[in-house]
Structure formats: C-alpha cells, structure tokens
Amino acid sequence: MESGYRGRIAPTPTGYMHRGHARTFLTAQERARVEGGELILRVEDLDRDRCKSEFEDALAEDLKWAGLDWDEGPDIGGSCGPYRQSERLALYQDALERIRLQRTAFPCRCSRKDLREATQAPHDEGGELIYPGFCRDRPYLLEAGQSVFEVNWRLRVPAGETVAFEDGNLGPQAFVAGQDFGDFVIWRKDGIPSYELAVVVDDIAMGITEVVRGEDLLLSTARQLLIYRSLGAEPPAFFHCPLVRDETGRRLAKRDNALSLRELRRGGASADDL
Ligand code: GLU
C-alpha cells in the first residue's frame with residue numbers, strides 16, 4: 001500500500017558527486033523506504049553557465065553506482081514532470097506572478113557592488129550579508145519592452161519575526177527574519193528563479209511531503225518557509241543531514257575531485273565501502 005510519503009533527491013550537475021551528496025541522497029532513499037513512499041529525482045540545472053550535460057550523465061551513473069534508485073525522474077517520467085528545472089520555467093514564472101500579487105516581493109536594482117559597499121562593516125565578515133533595504137520602498141519603472149522577468153525581485157521578509165520549524169533530525173530550529181537573513185533574491189534579471197524559489201515551487205508541484213538535505217541549507221529552509229506562506233501552500237516536513245567533512249574538518253566541495261564518487265570507484269571502492 002502506498003503511504004503517501006514523497007521524498008526527493010535534487011542534485012545540481014555542476015561537478016561530480018562526492019560522498020557528502022551520496023550520504024544525503026542515501027538518507028533520503030532510506031527515509032522514503034522506511035515510510036513505504038516514493039523517491040523522485042529532480043535535476044537542478046538552472047545555472048546554464050555552470051551545469052554541464054557531461055555532469056548530468058555522470059550523475060545518473062554515480063547515483064546508480066551508489067545504490068540509489070528512484071521512482072520518478074528524467075529517465076522514468078511521471079505525472080509531475082518534467083524533472084529538469086531548466087524545463088519548468090513556466091511554473092516558476094507563474095509563482096513569481098502570484099507572489100507579486102501578494103506584494104511580498106519588490107523589484108531591486110542594487111548591483112553586487114552597491115551591496116558590497118553598503119555592507120562592508122567588519123562584523124559582516126564571513127557571516128550573512130543582510131540586504132540593507134535600498135529598494136524596499138522605492139518605485140520601480142519598467143523600461144519600454146522590459147518584462148517583469150528581466151528584473152531582480154526580492155522577497156520582503158517580516159523583519160523581527162522568528163521563523164521556527166521542527167527538523168526531523170536536528171529538532172527545533174529558529175531564525176529571525178531581518179537579522180539572520182534579509183530580503184532575499186527570488187528572481188534574477190537574467191530570467192531565472194533563484195534556488196530558493198525554484199525548489200519551493202517544485203516541492204509543492206511534485207507533492208513532496210519531506211525534504212531531506214544537507215544542514216548547510218537550514219537557513220535556506222527558514223527563507224523557503226516564507227515563500228510557502230506567500231504562495232499559500234503548506235510546507236513539507238524537513239530533515240537535515242550533517243555534512244561530510246574531510247580529515248581537516250573542511251566540508252567536501254565539488255572541486256575536491258579526489259573525494260568524488262568517480263575517484264572512489266576508480267580506486268576500486270565498492271558501493272558498500274561508501
Ligand atoms: N540542488 C540543491 C543542492 O545540490 C538541492 C538542495 C535541496 O535539497 O533543496 O544543494
């Protein structure tokens with residue numbers, strides 16, 4: 001019998017998968033199995049400059065090698081596809097329109113340089129840069145022929161509000177809007193949604209009931225809860241996994257090719273060694 005649980009694995013093909021990804025994805029698979037549910041593979045390939053088809057091919061191969069199996073994905077299909085974000089633009093545009101109608105987003109013309117200069121205080125070092133609010137209440141006139149999808153949009157966060165959620169793995173979490181994170185970009189003027197908007201739209205459209213991902217995204221989850229609210233949608237449950245670190249305590253990154261699944265396999269490791 002189907003349990004109604006729907007989980008997903010959502011890799012970004014900008015490099016080869018490493019053990020950290022495998023661990024998160026295997027946890028996601030485990031959660032779906034334990035719950036008697038389904039697992040969906042979604043390829044997060046919106047960044048056209050950095051995503052490469054060779055990495056997407058490698059991804060499918062590495063996932064299979066690591067023992068992952070999914071019920072819906074680019075190679076299998078299902079009723080909530082397509083399963084590549086680059087093929088789902090109309091959904092994201094529709095969501096931006098709905099958020100705009102709620103007036104919870106504002107157009108922003110600040111350049112990176114403006115923001116760097118405005119937030120150069122030493123206490124910002126290494127931390128989250130909070131948007132200083134320049135465009136929050138500033139009128140914005142579209143140029144002739146310019147569409148709303150050619151503008152940066154930020155979500156207006158309820159400053160001072162605590163965004164809290166119960167994490168299935170890490171317990172209660174709380175972040176303060178305007179303090180832990182500021183008004184964040186949901187749409188980029190090059191015509192694509194930010195990661196935050198795209199995953200929320202997809203997790204809703206794909207009927208995901210639990211999101212399993214790395215704990216580096218805890219703050220993103222707080223931001224995303226505000227997007228769910230703005231879209232009038234019920235958020236899924238969340239389960240954040242600890243990050244895998246190397247011997248020096250640094251988290252694994254895609255550029256560390258030596259630790260990629262490819263290299264492990266080449267070195268004669270088996271999926272069980274993972
Ligand atoms: N594509 C994102 C990543 O690779 C997925 C994050 C998520 O699970 O929401 O980090």
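Just so you know, residue 1 is the first one in the sequence shown, and it goes up from there. All values below come from the heavy atoms of this structure, side chains included, with hydrogens, waters and symmetry mates left out. Just follow the structure's listing: the first ligand is 1, and inside any ligand the first atom is 1.
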S.K.: If you measure from NE2 on His240 to CD on Gln173, what distance do you get to the nearest 0.5 Å?
M.R.: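 CD of Gln173 is found 8.0 Å from NE2 of His240.
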S.K.: Tell me whether the rings of Tyr131 and Phe106 are parallel (<30°), tilted (30 to 60°) or perpendicular (>60°).
M.R.: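 Answer is tilted, since the angle falls between 30° and 60°.
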S.K.: Which protein residues have a heavy atom closer than 4.0 Å to any atom of ligand 1, listed by chain and number?
M.R.: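 Only Arg8, Ala10, Thr12, Glu44, Tyr195, Val199, Arg213, Leu217 have heavy atoms that fall under 4.0 Å of ligand 1, ordered by chain and number.
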S.K.: Quick check with a 6.0 Å cut-off and a 45 degree axis cone: is Arg31 positioned over the face of Tyr5's six-membered ring?
M.R.: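 Pair Arg31/Tyr5 does not count as cation-pi.
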S.K.: Answer yes when Lys189 and Glu150 have at least one side-chain N-carboxylate O distance shorter than 4.0 Å, and no when they do not.
M.R.: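 Salt bridge: no.
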S.K.: Would you call the rings of Trp187 and Phe149 parallel, tilted or perpendicular, where under 30° means parallel and over 60° means perpendicular?
M.R.: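 Tilted.
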S.K.: Between the side chains of Asp203 and Arg42, is the shortest nitrogen-to-carboxylate-oxygen separation below 4.0 Å, so that they form an ion pair?
M.R.: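 Salt bridge between Arg42 and Asp203, a charged N being under 4.0 Å from a carboxylate O: yes.
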